[in-house]
Amino acid sequence: MLQVAYLREHKEDVIARLAVKNFDAKSIIEELILLDEKRRQTQAEHDDTLAESNKLSKEIGMLYKSGNSEEANAKKALTAELKEKSKQLNQLLSDTQDSLHEKLVQIPNIPHDSVPAGNSDEDNKVISQEGEFPDLGNHAKPHWELVAEKNIIDFELGVKITGAGFPVYRGKGAKLQRALINYFLDKNIDAGYEEVMPPHMVNEASGFGTGQLPDKEGQMYHVTEDNLYLIPTAEVPVTNIFRNVILKKEDLPIKCTAYTPCFRREAGSYGKDVRGLNRLHQFDKIEIVQIQHPDESYKTLDEMVAHVASILRELKLPFRILQLCGGDISFTSSLTYDFEVYSAAQEKWLEVSSVSNFESYQTNRLKLRYRDEDKKTKLCHSLNGSSLALPRVLAAIIENYQGADGIHIPEVLIPYCGFDKIE
RNA sequence: GGAGAGGUGGCUGAGUGGCUGAAAGCGGCACCCUGCUAAGGUGUUAUACUCGUAAGGGUAUCGGGGGUUCGAAUCCCUUCCUCUCCGCCA
């Protein structure tokens with residue numbers, strides 16, 4: 001959520017920059033500014049009315065104390081009018097605030113200056129690419145065939161137990177899954193992130209805090225009985241640790257990492273790129289989250305990108321880094337880099353990580369602030385990224401590391417697995 | 001699930017209708033004093049909105065919402081949450 005004061009002061013600039021996200025902000029911002037003026041004016045009037053009424057009440061109290069009840073009663077009569085007036089103003093004020101808020105949450109985050117214009121993922125900018133594509137000859141198999149052959153992931157069984165998109169990992173498949181989780185966590189911890197194990201369900205306030213609610217409500221599994229949501233990413237519970245918190249400047253940056261399963265309904269995304277591990281309703285992901293000083297957040301973003309790259313490099317998977325264009329970047333993000341690994345058997349790039357700077361868009365919702373030298377509270381910047389999402393990394397490993405004698409395990413994972421091959 | 005208790009500032013915890021934005025203690029910060037370590041003294045210390053160049057002023061906030069009253073942390077209603085005991089259970 002953007003700050004009204006900022007919109008007021010940088011109206012034209014904001015409109016121009018939101019156009020990069022293909023969002024026409026002109027009319028909504030103008031409405032917002034008008035609403036804000038109305039809000040302030042109403043509040044001033046309301047405050048004055050209450051001030052007068054408070055003053056009168058005090059006087060009445062004093063008069064009673066001094067035994068002058070006659071004059072007190074006379075003054076009481078005056079308060080009725082004030083009371084009625086403040087009631088109306090209060091109603092007007094809260095109505096105005098509600099519509100202000102309703103409009104405000106409809107405006108996406110302002111993209112960073114460097115974000116290229118574009119309409120879809122085809123317009124994303126390739127920043128870098130590294131790693132060799134493996135030569136699999138012409139007997140390369142996609143991972144969904146390989147996992148069935150080796151009996152390490154059973155999609156059918158998941159359908160029986162739960163439904164499509166809930167695979168069952170078994171044997172060495174399960175162990176490899178666990179190895180990846182531990183390996184990723186260890187890498188993140190080594191890079192200075194504190195590991196946290198958060199709840200896998202969150203309440204409404206948390207969903208709002210990171211921006212899943214209200215706009216992405218349909219993407220989350222909702223436990224209606226208790227009004228809780230299954231987390232779509234660890235970003236939600238982890239970032240919400242800091243909801244309503246005022247940090248000391250020297251506490252920044254705060255670096256957290258968490259492994260959690262992620263649950264996504266993926267409503268409306270049937271049919272495309274959904275085979276095998278490519279798109280699931282439940283998957284495992286290790287997330288990194290940083291809370292940073294506004295002056296440092298882009299440096300931190302670069303650092304996070306470099307960190308994720310180092311992991312993919314160690315896994316010896318060919319990958320590329322994309323800067324998302326205005327049309328593909330998320331509603332809440334200012335700048336996002338996606339990581340894609342190359343899946344040699346499917347002959348396509350699979351997204352495995354998304355690293356974003358949200359600037360103060362989330363922290364404004366979360367009321368996550370730090371105290372500056374001037375003793376004033378200011379909004380922190382929040383950042384997060386996947387480090388990494390498992391299924392597509394797993395798919396790429398299975399496909400890229402396939403050989404005549406089985407699936408080989410990347411060297412760095414062997415100590416975590418306890419085996420070097422899946423036959 | 002049944003019964004009960006309770007939600008007050010960074011924390012502990014007082015406060016049953018007006019001078020209480022809130023005692024006291026702890027913690028934090030600043031300064032002073034003290035020849036080590038330690039202790040002591042004084043002051044200060046919530047957040048948001050809003051008006052103001054500023055100094056400073058106004059308003060709101062004692063879980064949330066509503067009500068009674070000239071006036072509510074305090075009384076009433078409602079809702080959410082937490083804790084304790086019992087039951088069930090990993």
Side-chain angles (χ1 to χ4, degrees), chain A residues 1-9 32-105 197 199-209 213 222-229 237 240-252 254 261 291 360 363-380:
Chain A
M1 187 163 70
L2 299 171
Q3 296 173 90
V4 185
Y6 187 87
L7 293 177
R8 213 163 53 205
E9 284 154 35
L32 254 167
I33 290 172
L34 284 177
L35 273 171
D36 183 53
E37 263 165 38
K38 186 174 166 196
R39 188 200 107 240
R40 283 187 295 163
Q41 198 192 328
T42 310
Q43 193 183 345
E45 222 176 309
H46 187 226
D47 285 357
D48 288 348
T49 311
L50 286 176
E52 206 177 321
S53 156
N54 284 344
K55 200 175 136 219
L56 217 48
S57 287
K58 256 177 202 161
E59 285 169 11
I60 290 169
M62 298 296 243
L63 287 169
Y64 272 126
K65 230 163 216 181
S66 61
N68 194 345
S69 59
E70 215 170 284
E71 203 177 322
N73 286 331
K75 290 213 174 197
K76 261 196 206 180
L78 296 173
T79 61
E81 200 187 325
L82 286 173
K83 213 175 164 186
E84 182 53 34
K85 191 176 170 194
S86 75
K87 205 170 181 179
Q88 282 175 14
L89 285 168
N90 190 41
Q91 186 60 47
L92 182 61
L93 183 62
S94 68
D95 288 350
T96 311
Q97 274 168 341
D98 286 351
S99 33
L100 194 65
H101 186 259
E102 193 207 325
K103 291 251 183 310
L104 209 50
V105 296
M197 292 185 92
H200 298 169
M201 289 203 248
V202 292
N203 56 29
E204 241 176 285
S206 295
F208 177 80
L213 294 175
H222 188 191
V223 182
T224 50
E225 185 81 15
D226 299 289
N227 197 24
L228 297 173
Y229 294 85
N240 272 282
I241 291 173
F242 306 100
R243 169 151 49 86
N244 263 321
V245 167
I246 300 175
L247 297 163
K248 293 194 199 103
K249 196 184 168 197
E250 56 268 28
D251 291 339
L252 300 172
I254 287 180
I291 310 299
S360 58
T363 56
N364 190 29
R365 291 181 162 217
L366 291 160
K367 297 198 169 37
L368 166 50
R369 292 153 292 171
Y370 68 96
R371 200 174 295 281
D372 213 350
E373 277 102 356
D374 59 7
K375 307 250 184 193
K376 293 223 171 90
T377 58
K378 294 183 182 159
L379 293 171
C380 301

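Numbers restart at 1 for each chain; the letters A, B, ... are given by sequence-line order, proteins then strands. Side-chain atoms are counted along with the backbone in the values below, which use heavy atoms only and exclude waters and symmetry mates.
- A/E250 places its CD atom 14 Å from the P atom of B/G28, with the value rounded to the nearest Å.
- Going from the P atom of B/G21 to that of B/G13 covers 23 Å, rounded to whole Å.
- For B/C19 and B/U37, the C1' atoms lie 46 Å apart once the distance is rounded to whole Å.
- Atom CG in A/D251 sits roughly 13 Å away from atom C1' in B/G28 (whole-Å rounding).
- Inter-residue side-chain proximity for A/L100 and A/K38 is flagged as unmet; no heavy-atom pair is nearer than 4.5 Å.
- Per the geometry, CG belonging to A/N244 stands 18 Å off P belonging to B/U61, to the nearest Å.
- Under the 4.5 Å side-chain criterion, counting only non-hydrogen atoms from C-beta, A/L7 is in contact with A/L104.
- The closest donor-acceptor contact from the side chain of A/S53 to the backbone of A/T49 lies at 3.5 Å or more, if one exists at all.
- With contacts defined as side-chain heavy-atom distances shorter than 4.5 Å, the pair A/R369/A/L247 does not qualify.
- In this structure, CG of A/D226 is placed 11 Å from P of B/U82, rounded to the nearest angstrom.
- Only the C1' atoms considered, B/G27 is 29 Å distant from B/C49, to the nearest whole Å.
- Along RNA chain B, the nucleotide nearest A/K83 and the nucleotide nearest A/D48 are compared for position; the residue whose nucleotide lies closer to the 5' end is A/D48.
- Looking only at atom types and distance, the side chain of A/Q41 has no donor-acceptor partner in the side chain of A/E45 under 3.5 Å away.
- At a threshold of 4.5 Å between non-hydrogen side-chain atoms, the residues A/Q91 and A/D95 count as touching.
- Separating the C1' atom of B/C33 from that of B/A38 is a span of 14 Å, rounded to the nearest Å.
- Put simply, the side chain of A/R365 gets close to the backbone of A/F208: a donor and an acceptor are under 3.5 Å apart.
- Nucleotides B/A24 and B/A30 are separated by 22 Å at their P atoms, to the nearest Å.
- When both distances must be under 3.5 Å, the Watson-Crick or G-U wobble mate of B/U16 does not exist.
- A/N54 and A/S57 share no donor-acceptor pair across their side chains, judged by distance under 3.5 Å alone.
- B/A14 sits 28 Å from B/G66 when the C1' atoms are compared, rounded to a whole Å.
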Interface polar pairs with nucleotides 47-50 of chain B, N/O, under 3.5 angstrom:
{"residue": "B/U47", "atom": "OP1", "partner": "A/R371", "partner atom": "NH1", "Å": "2.7"}
{"residue": "B/U47", "atom": "OP1", "partner": "A/R371", "partner atom": "NH2", "Å": "2.3"}
{"residue": "B/U47", "atom": "O3'", "partner": "A/R369", "partner atom": "NH1", "Å": "3.1"}
{"residue": "B/A48", "atom": "OP1", "partner": "A/R369", "partner atom": "NH1", "Å": "2.9"}
{"residue": "B/A48", "atom": "OP1", "partner": "A/T377", "partner atom": "OG1", "Å": "2.6"}
{"residue": "B/C49", "atom": "O3'", "partner": "A/R39", "partner atom": "NH2", "Å": "2.6"}
{"residue": "B/C49", "atom": "O2'", "partner": "A/R39", "partner atom": "NH2", "Å": "3.4"}
{"residue": "B/C49", "atom": "O2'", "partner": "A/Q43", "partner atom": "OE1", "Å": "2.3"}
{"residue": "B/C49", "atom": "O2'", "partner": "A/Q43", "partner atom": "NE2", "Å": "3.1"}
{"residue": "B/C49", "atom": "O2", "partner": "A/Q43", "partner atom": "NE2", "Å": "3.2"}
{"residue": "B/U50", "atom": "OP1", "partner": "A/R39", "partner atom": "NH2", "Å": "2.8"}

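- When Watson-Crick and G-U wobble pairs are counted only if both distances are under 3.5 Å, B/C36 pairs with no nucleotide at all.
- With both pairing distances under 3.5 Å, B/G7 is matched to B/C80 as a Watson-Crick or G-U wobble pair.
- Pairing partner, B/U61: B/A46, with both Watson-Crick or wobble hydrogen-bond distances short of 3.5 Å.
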Between A/T363 and A/F242, is a side chain to side chain contact (heavy atoms under 4.5 Å, CB included) present by the stated rule, with each step listed?
CA-CA 9 Å; A/T363 56; A/F242 306 100; over 6 Å; no
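- Comparing A/K55 and A/K248, the nucleotide of RNA chain B nearest to each residue sits closer to the 5' end for A/K248.
- As rounded to whole Å, 11 Å separates atom P of B/C80 from atom CG of A/N227.
- Note: NZ (A/K75) to C1' (B/G71) measures 14 Å, nearest angstrom.
- A/I241 is not listed as a side-chain neighbour of A/I254, based on a closest heavy-atom distance of 4.5 Å or more.
- Between the P atom of B/C81 and the CZ atom of A/R243 lies a distance of 14 Å, rounded to the nearest Å.
- Spacing between atom CG of A/L50 and atom P of B/A72 amounts to 10 Å, rounded to whole angstrom units.
- Remark: B/G21 base-pairs with no nucleotide in the shown strands. Criterion, Watson-Crick or G-U wobble with two distances under 3.5 Å.
- The side chain of A/N54 contributes an N or O atom lying less than 4.0 Å from OP1 or OP2 of B/A60.
- Across all strands shown, B/U68 forms no Watson-Crick or G-U wobble pair with both distances under 3.5 Å.
- Pairing partner, B/A54: none, since no Watson-Crick or wobble contact has both distances short of 3.5 Å.
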Using a cutoff of under 3.5 Å, can you pull out all pairs of nitrogen or oxygen atoms linking the protein to nucleotides 15-21 of chain B, with atom names and distances?
{"residue": "B/G18", "atom": "N2", "partner": "A/S57", "partner atom": "O", "Å": "2.8"}
{"residue": "B/C19", "atom": "N4", "partner": "A/K65", "partner atom": "NZ", "Å": "2.2"}

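- Comparing the same atom, P, in B/G6 and in B/C89 gives a spacing of 31 Å after rounding to whole Å.
- A donor-acceptor contact shorter than 3.5 Å is absent between the side chain of A/D36 and the backbone of A/L32.
- Taking atom C1' in both B/G17 and B/G71, one finds a spacing of 8 Å when rounded to whole Å.
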